[in-house]
Every structure is written in structure tokens, then in C-alpha cells.
Amino acid sequence: MSDWKPIIGLEIHAELLTQSKMFSNCPVVDSVTAAPNTAVDPVSLGLPGTLPVINMQAVEYAMMVGLALNCEIPPVNQFARKSYFYPDLPKGYQISQYDRPLCVNGWVDIELNNGETRHIRIRRAHLEEDTGKLTHINDDSLVDYNRAGVPLLEIVTEPDIHSAEEAEAYARKLRSILQYLGVNSGDMSKGVLRLEANVSVMHKDDTGFRTRTEVKNLNSIRSLYRSIDYEIERQIKAWENGEGVRQATMGWDENRQRTVVQRYKESADEYRYFPEPDLPILEISWEWVESVRGGLPELPDVKRDRFMQELGLSHYDAHTITVEQAVAHYYEDVLAAGAQAKTTANLLLGSLFALCNRDSIEREDIPTRVTAANLAKLAKLVDAGTINKNTAATLIVEMWDSGGDPDQIVKEKGLAQVSDTDAISGAIDEALAGAGDMLDRYAAGEDKLFGPIMGMVMGALKGRGNPQVVRELLTQKLQALRNQ
Ligand code: ADP
Ligand code: MG
């Protein structure tokens, strides 16, 4: 065991999928496809004389997230000005929340690959506005204010995370909850979710935390994982060689696969936080909180438990299917088309997930390769005994590659399972005729030769024999041999 324990706290910035911006009715547009500076108004440009108005839909979405994360929603909320200068922040300050955030004291349970769970406390989640976006081209910098003023929820954990793997599981779980709630698309390639990792390491003899660094603007779960791993190792070395760790804001250099210092950390004082004078205190009634709580959709943990109870899936299977909403919906669509739960789970987890890995396809994109209707047909072919499991495993690869309909492929290629006893009997005779001394050895008591002989029979049936019928008939014939 190492003498060092990683201490990690994550901050996740999630854009909220509202129609309009946080403090005006300026529309929110797709940040990748929309032409730059086409969704701007005097408020999001920070022009003098404009006044913000709170977007209540954003408040409600943020409350949904808070409640899904088991947070308390304090009755009194307040916005605050966080002052700093940057070209993507035209007002010279960002409206955020400081000492009176919308959500506090929550928690979420995460699941690791080995099936263990961890309890991660949520310190707070507060509302703020996003900034514009800078693009640097050679010596020029271009700014797009479409994103300026888009509602942003910042979700902050306690330092309860102790490895890159746990950080990844937390990020995936949070993205999943946001998607289930319908308040964020989870599409990290569009920057709608941005991650920030606070990392320090603790020696086994320490009684308190050491200095942390903060890796900002991580835009993929992979870079979150790598940057945390890198920082842990770098900090342990720095402490051990006597250099020590200085508090810093860092970035992740994707090309060099290392963290780089951007600046040595500013303190809260430097932001000169003060209550936003242009906005009233936001009071949140108990009734409002309860009505939002009552309207929450089924969340991943509840769906997982329901799949275990109603469908008899194992904890692992149920978790793996529900952790991504798109996969859960796909699975439900297949069942709705009449397929059996366990057969479908086996095809999905056994074959389709492996094909995703083979071709580097996201699991949410499975329906673009094998539609729910086609997977349901395949599962029904298996359950009806029309094809055996081996054929199903090859057929699904063909469906994946060609997008084909399994009923049709089975017909065209004659893949239907052979259960007809005459045909199987004939194949057995054919195989036994070519089995040479294996038969004598089997008759003399070598039981372990049953498998190879069975393999020969299946070969004679081109792999399409109904294994149960083959086994039964073969057992009878071989038994008769021994009794001769
Ligand atoms: P600030 O307000 O300066 O951003 P906070 O104390 O609010 O700092 O913490 C921000 C994040 O850093 C939280 O997620 C918290 O859990 C995490 N954090 C705090 N101290 C440490 C530490 N020593 N090591 C790792 N993470 C930490
Ligand atoms: Mg921070």
C-alpha cells in the first residue's frame, strides 16, 4: 500500500436546457451549429442600463437537480456578483451565487466497476450565467457571445473522491441524472458539461488536508481521468522530493498528456463578491419545492431497482443498462416489442456492448446500428428456439454490420435451428461413422469424449442443431453402443 491517499473534490458546470437565457428572454441556441453572435441581446452583451430578470424555468431545473442529488433547498436564495475581467465576460462581472446557493448538503451514491459503491457528499449547487466563447486563430482572438448568459448550474462535491476511477464514476452518474431529468443533453463534445478537479494527496501520518491544485475546463471524462491520475502522481513525487505543491489553477494539455500551471490561485477576496443589487432576494416556498419533487421522473437508481425486481435482472446487469438513459430507453423499447428481459439483456450486454468497444461506438448510438425492433425480433427467434445461441451471436454481428432484419437473414441464409429428429439422427450417424477409434474409447468408458463427439455432430449440422435435441439423441445412441 502506498503511504499516500488521493483527496479529490469535483466541480461540474452544467448548462441548463432552457429556451432563454438566465437573466433575459434572449434565446439559447446550439453553441456549435449556430452562427456566432446571432443569439445576443443587450442584457447578455452587458450593455449599460440593462437590468437582469431571473429565469424561473432555470431555477426550477436547478431545483430538480438539487432534489435528485438529495439536497436541501433553503427558502432564501441570493445572487451575487463575481468580478473579474475577461473578453468573454462583457459586464466585467458574472452573476453567480455565493453564500446563499440554491441547493446544499446533498449526496449521491456511485458504483465502481468491481460492483462496490461509494457515498459522495454534495456540498452545494448554485446557479450562474455562462460566459461567451473565445476562439484563437493565429494572432487573432474572436469572441462569440451566443453562450453569454446561458443558465449554468455549478455542482460541487465534498472532497470525498479518492481515485480517478471514482471521479469517472461520479461524472458518469451525474451526467446520467442530468439526462434523466431532461435538463442537460450530456453532450460533452458541445461543452454543455465542463468538469473541474480539485486534487491533493494526504500522507498516512497527516491529520489534515494538504495544498490542492485545481484542473479546470476538462471537456471529456477521459481527460478528467487522465489529469487526476497525472496530478496524483506528480504531487506525490513533489512532496517526496521536498519540492512541495503550490496552490494553482491548472489546465490539461491533451497533446502532451500532462497538467500545466495557468496561474497561481486567486482567493475569493479577489473576486470581490457582493450581493447582486439588480436582483431581488429569491424566496422559494415549501410548496414549490414539494411540487417539483413530486414531478421528478424515474431516476437511474430507481429504474435499476425496478429492473431487478420486476424483470429479475442481476444488480450488475440492471446497473449497466440503466446507467445511461439512452441504453435504458433502448432496452425498454425492445421489451415493449415483445422480447424477453433476460434474453435481451444477454444480447445487449454480451454482444452489442462488445461491438461498441470493437468499433469505438458510444453505447447511446447502438440504435443507429441495430434498431430496437430488430433486436426484439432476434431475441424472439432465440426464445422460440428458431435459432440457437451460437447462431444468435454470429447473426447479431451481421445485423450490426449490415443493419439487416434478422428474420430475413435467417430465411435467406437458412440459419434456422434444426430440431427435426430425423435430420439430427442422420447427422449423428454421419458423425459417428467418421469418429474412428473415439467410439471404441467412449464405449470403453472415456466419458470426456462426449464433448468432442457432440462437436462433430454440430459440425455436421453446420452449427445449427438444437443443442438440447442433439444431446438427447446422441446420449441415447452412445448409451446403446456401451450396452452392446
Ligand atoms: P473554493 O471556494 O476556493 O473553490 P472550496 O473549499 O469551496 O474552494 O472547494 C472547492 C472544491 O475543492 C470542492 O469540491 C472541495 O471538495 C474541494 N477541496 C477542498 N479542499 C480540498 C483538498 N485539500 N483536496 C482536494 N479537494 C479539495
Ligand atoms: Mg473552484
Side-chain angles (χ1 to χ4, degrees), residues 111 113 168 172 175-176 179-180 185-190 220-222 300 303-304 307 311-419 455 458-459 461-467:
E111 201 139 343
N113 290 330
E168 168 168 357
R172 288 194 186 282
R175 181 171 66 166
S176 163
Q179 289 175 321
Y180 268 80
S185 71
D187 187 350
M188 296 191 63
S189 68
K190 290 194 169 163
S220 73
I221 289 177
R222 179 181 294 239
K303 199 188 268 296
R304 176 199 64 208
F307 279 7
L311 307 174
L313 297 189
S314 69
H315 188 277
Y316 178 83
D317 287 2
H319 165 72
T320 314
I321 290 172
T322 53
V323 70
E324 268 179 73
Q325 188 193 29
V327 175
H329 282 172
Y330 176 70
Y331 180 73
E332 286 179 316
D333 287 346
V334 178
L335 298 200
Q340 275 185 29
K342 191 66 196 157
T343 313
T344 306
N346 289 342
L347 292 168
L348 180 59
L349 302 178
S351 295
L352 292 179
F353 281 13
L355 287 164
C356 286
N357 290 342
R358 189 194 77 178
D359 295 353
S360 299
I361 295 233
E362 295 293 330
R363 289 175 181 177
E364 66 185 26
D365 293 327
I366 288 174
T368 64
R369 307 300 291 263
V370 175
T371 64
N374 278 346
L375 187 64
K377 284 183 187 174
L378 179 65
K380 283 194 259 187
L381 288 171
V382 174
D383 287 330
T386 311
I387 59 173
N388 64 30
K389 291 211 174 74
N390 287 336
T391 308
T394 18
L395 184 50
I396 202 168
V397 178
E398 186 165 346
M399 291 164 63
W400 174 272
D401 291 334
S402 72
D405 174 318
D407 289 337
Q408 231 166 329
I409 302 174
V410 166
K411 241 182 252 160
E412 279 167 18
K413 303 209 162 173
L415 298 179
Q417 170 165 266
V418 180
S419 304
M458 288 303 265
L461 289 163
K462 299 196 175 69
R464 285 169 222 146
N466 177 330

- Task: Using the side-chain contact (heavy atoms from CB on, under 4.5 Å) rule, pick out the option among Val334, Thr343, Ile366 that qualifies with Leu348.
- Result: Ile366
- Task: Of all the heavy-atom pairs spanning Asp407 and Lys377, show the shortest one and how long it is.
- Result: OD2-CD, 3.3 Å
- Any donor-acceptor N/O pair, Thr371 side chain to Pro367 backbone, under 3.5 Å: no
- Query: Do side-chain atoms of Asn374 reach the backbone of Met399 as a donor and acceptor pair under 3.5 angstrom?
  - Reply: no
- Query: In terms of side-chain geometry, is the basic nitrogen of Arg358 or Asp401 positioned less than 4.0 Å from the acidic oxygen of its partner?
  - Reply: yes
- Rounded distance [0.5 Å steps], CZ in Arg369 versus CG in Leu352: 10.5 Å
- May I have the step-by-step check of side-chain contact (heavy atoms from CB on, under 4.5 Å) for Leu375 and Ile396, ending in yes or no? CA-CA 8 Å; Leu375 187 64; Ile396 202 168; 3.8 Å; yes
- Message: Give me the atom names and distance for the closest heavy-atom approach of Leu461 to Val418.
- Response: CD2-CG1, 4.3 Å
- Task: Inspect the contact between Glu168 and Arg222 and indicate whether a charged nitrogen and a carboxylate oxygen are less than 4.0 angstrom apart.
- Result: no
- Would you say Trp400 and Leu395 make side-chain contact, with heavy atoms under 4.5 Å? no
- Item | Electrostatic pair Arg172:Glu324 at N-O distance under 4.0 angstrom | no
- Item | Nearest heavy-atom neighbours spanning Asp365 and Ile361 | CB-CG2, 3.9 Å
- Task: Look at the side chain of Gln325 and the backbone N and O of Ser176, then say whether any donor-acceptor pair between them is shorter than 3.5 Å.
- Result: no
- Message: Can a donor-acceptor pair be found, under 3.5 Å and without considering hydrogens, that links the side chain of Ser360 to the backbone of Cys356?
- Response: no
- Message: Pair Thr391, Arg464 - check side-chain contact (heavy atoms from CB on, under 4.5 Å), show working.
- Response: CA-CA 7 Å; Thr391 308; Arg464 285 169 222 146; 4.3 Å; yes
- Is it true that a side-chain atom of Tyr331 and a backbone atom of Thr322 form a donor plus acceptor pair closer than 3.5 Å? no
- Message: Could you check whether any side-chain N or O of Asn388 sits under 3.5 Å from a backbone N or O of Gly463, counting only pairs where one atom can act as donor and the other as acceptor?
- Response: yes
- Point-to-point distance, once rounded to the nearest 0.5 Å, from CD of Glu362 to CG of Asp187: 9.5 Å
- Looking only at heavy atoms, which two atoms of Thr344 and Ala379 are closest? And how far apart? OG1-CB, 4.0 Å
- Query: Should Phe307 and Asp317 count as side-chain neighbours, where that means a heavy-atom distance under 4.5 Å?
  - Reply: no
- Would you call Glu332 and Lys303 a salt bridge, taking side-chain N to carboxylate O under 4.0 Å as the test? yes
- Query: Where is the tightest heavy-atom contact between Ala392 and Val382, given as atom of each residue plus distance?
  - Reply: CB-CG2, 3.6 Å
- Query: Among all residues two or more places apart in sequence or in another chain, which pass the side chain to side chain contact (heavy atoms under 4.5 Å, CB included) test with Tyr316?
  - Reply: Ser314, Thr320
- Task: Over all heavy atoms of both residues, which pair between Arg304 and Ala318 is shortest? Give the atoms and the distance, please.
- Result: O-CB, 3.6 Å
- CG of Leu349 to CD1 of Ile321: how many Å apart, nearest 0.5 Å? 4.5 Å
- Message: Under a 3.5 Å distance rule, please check whether Lys380 uses its side chain to pair with a backbone N or O of Ala337 as donor and acceptor.
- Response: yes
